[in-house]
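Presented below is the structure to which this report refers.
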Protein chains: 2
Amino acid sequence: MVKVSEHTRQKILEISADEIRKHGFTATSLSVILKRCDISKGALYHHFTNKLELGYAVFEEIYTPEFLAMWQPAVSGNDPIESLVDFFQSMLTNLSCEDIVCGCPLNNLCQEMSGIDEGFRLRILNMQQQLNSLIATNLVRVSSQLRDDINFQQVAYFIISCFYGASNLSKGSKNKDLFSQVINELCAYIYHLRKQ
Amino acid sequence: MVKVSEHTRQKILEISADEIRKHGFTATSLSVILKRCDISKGALYHHFTNKLELGYAVFEEIYTPEFLAMWQPAVSGNDPIESLVDFFQSMLTNLSCEDIVCGCPLNNLCQEMSGIDEGFRLRILNMQQQLNSLIATNLVRVSSQLRDDINFQQVAYFIISCFYGASNLSKGSKNKDLFSQVINELCAYIYHLRKQ
DNA sequence: CTACATACCGACCAAGCGGTTTGTAAATGA
DNA sequence: TCATTTACAAACCGCTTGGTCGGTATGTAG
């Protein structure tokens with residue numbers, strides 16, 4: 001049996017996710033969320049104890065599954081190198097300029113909230129470690145095809161860093177071009193992981 | 001002849017720079033600055049027309065020269081490749097954990113302010129382009145020693161991205177380790193720019 | 001029909017924000 | 001010496017923020 005109020009809760013989560021994605025957590029105003037949801041403050045505080053808990057719920061119930069689904073093609077398939085490159089190249093073709101400039105919520109929240117709130121920091125750290133493990137173990141699978149001097153964890157973190165940095169860098173220029181350049185260079189780097 | 005009030009102005013700038021570095025521009029409170037400077041609101045608004053102009057002044061008079069001085073060793077010297085690697089390696093030894101977790105003000109402000117305020121965005125973009133040019137032209141100088149397939153602008157942006165991403169990534173973990181790993185991998189990448 | 005929980009409304013609150021205004025002591029130029 | 005500007009101090013203002021609280025309509029179980 002599905003509770004009726006679940007619909008309200010979901011709406012709050014989705015709109016909050018959208019606001020936080022666009023403006024960050026701190027700059028997201030509850031009153032804006034209330035207006036967009038067309039509900040009262042009482043409704044929101046019936047479902048969530050405070051703004052921070054709402055933020056955690058958004059992270060766990062919206063961003064986490066979204067993030068895992070997004071990266072899934074990058075860390076599956078027979079050829080991890082090709083999967084990674086395809087994944088990044090598909091970003092170049094599929095993502096709009098606004099998407100890129102808006103950036104990855106995980107990266108944004110990491111920068112904004114890590115120093116302020118431990119709850120956010122640990123959730124973010126956990127996701128980053130998960131992603132790192134996914135990439136690293138996937139590369140290990142085909143280590144025989146790869147160079148001998150590779151530190152898999154280090155390479156995985158390097159790839160994530162480049163992605164983070166690329167989206168940060170393109171925020172200043174407000175266009176896809178910088179992002180494309182960095183991602184292309186990243187793909188060249190990834191190819192070079194193979195035995196020459 | 002030096003104006004007496006210049007001392008007050010400098011103090012405001014330096015303390016504001018410190019606050020903005022630690023908490024970002026929006027989260028920096030004027031009242032905190034006033035307390036730390038031990039001055040009144042009247043003093044601050046005598047020297048700066050509003051918070052935004054104070055922010056611009058901090059960027060231009062504190063962050064910009066600091067940034068250029070910081071990167072200078074990376075883009076000078078006889079061997080650009082070695083200079084870059086030395087520069088990054090010296091960060092690993094010289095920077096404290098807090099420094100790393102706090103991150104580069106340019107990167108932080110880029111993420112926080114690019115989407116909010118054009119004045120900040122253009123100043124940041126300008127600095128990034130300057131840095132990119134410095135790195136790229138420095139590499140061009142020794143292009144005969146480097147691989148033939150190098151796109152210098154792209155490589156320069158890639159290096160900056162990795163640096164940005166590394167400091168972002170380490171914010172979540174609150175220690176130097178992740179930063180070190182990414183920087184080490186970046187140095188390996190930089191060495192690989194040379195002809196093999 | 002009664003009793004109680006759920007789901008929500010909307011007025012209200014204290015605190016903090018950036019910014020304005022009024023006032024004044026000190027420095028400066030004529 | 002006197003008028004004027006400089007360099008502040010401090011009270012004040014409107015506004016927004018997250019958060020609380022009393023009330024209420026709608027179920028729902030006994």
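Numbered from 1 within each chain, the chains take letters A, B, ... in sequence-line order. Because only heavy atoms are used, hydrogens play no part in the values below, and waters and symmetry mates are left out as well, while side chains stay in. Keep in mind it's a predicted model, so treat the numbers as computed, not measured.
When rounded to the nearest whole Å, the span between CD1 of B:I33 and C1' of C:dG19 equals 14 Å. The distance between atom CG of A:D38 and atom P of C:dC8, rounded to the nearest whole Å, is 12 Å. The separation between B:K35 atom NZ and D:dA10 atom P is 14 Å, rounded to whole Å. Atoms CD1 (A:I39) and P (C:dC9) sit 7 Å apart, rounded to a whole Å. If you take CD of B:E6 and P of C:dA27, they are 17 Å apart, rounded to a whole angstrom. Per the geometry, CZ belonging to B:R9 stands 15 Å off P belonging to D:dT6, to the nearest Å.
Distances shown here put a side-chain N or O of A:H46 below 4.0 Å from the OP1 or OP2 atom of C:dA7. Between A:H7 and C:dA7 there is no side-chain N or O to OP1 or OP2 distance below 4.0 Å. Note on A:T8: a side-chain N or O is less than 4.0 Å away from OP1 or OP2 of C:dC8.
Ring-centre distance between B:F120 and B:Y56: below the 6.0 Å cut-off.
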Report, one pair per line, the protein and nucleotides 17-20 of chain D atoms (nitrogen or oxygen only) whose separation is under 3.5 Å.
residue, atom, partner, partner atom, Å
D:dT17, OP1, A:S29, OG, 3.2
D:dT17, OP2, A:S31, OG, 3.2
D:dG18, OP1, A:T28, O, 3.1
D:dG18, OP1, A:K51, NZ, 3.0
D:dG18, OP2, A:L30, N, 3.0
D:dG18, N7, A:K41, NZ, 3.2
D:dG19, OP2, A:Y45, OH, 2.7
D:dG19, OP2, A:K51, N, 2.8
D:dG19, O5', A:Y45, OH, 3.4
D:dG19, N7, A:K41, NZ, 3.0
D:dG19, O6, A:K41, NZ, 3.1

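Counting non-hydrogen atoms under 4.0 angstrom, B:L44 reaches nothing in the nucleic acid.
B:K11 places no side-chain N or O within 3.5 Å of a backbone atom of B:I39 that could act as its donor or acceptor partner.
Under the side-chain hydrogen bond (donor to acceptor under 3.5 Å, both in side chains) test applied with B:N108, the options B:R21, B:K171, B:H23 reduce to a single match, B:K171.
Residues B:V101 and A:M127 do not share a hydrophobic cluster, clusters being chains of Ile/Leu/Val/Met/Phe/Trp/Tyr side chains in contact below 4.5 Å.
Cation-pi check for B:K51 over B:F25 is met; the charged atom lies under 6.0 angstrom from the ring centroid and within 45 degrees of its normal.
Across all non-hydrogen atoms, the minimal contact from B:C97 to B:N175 is SG-CA, 3.6 Å.
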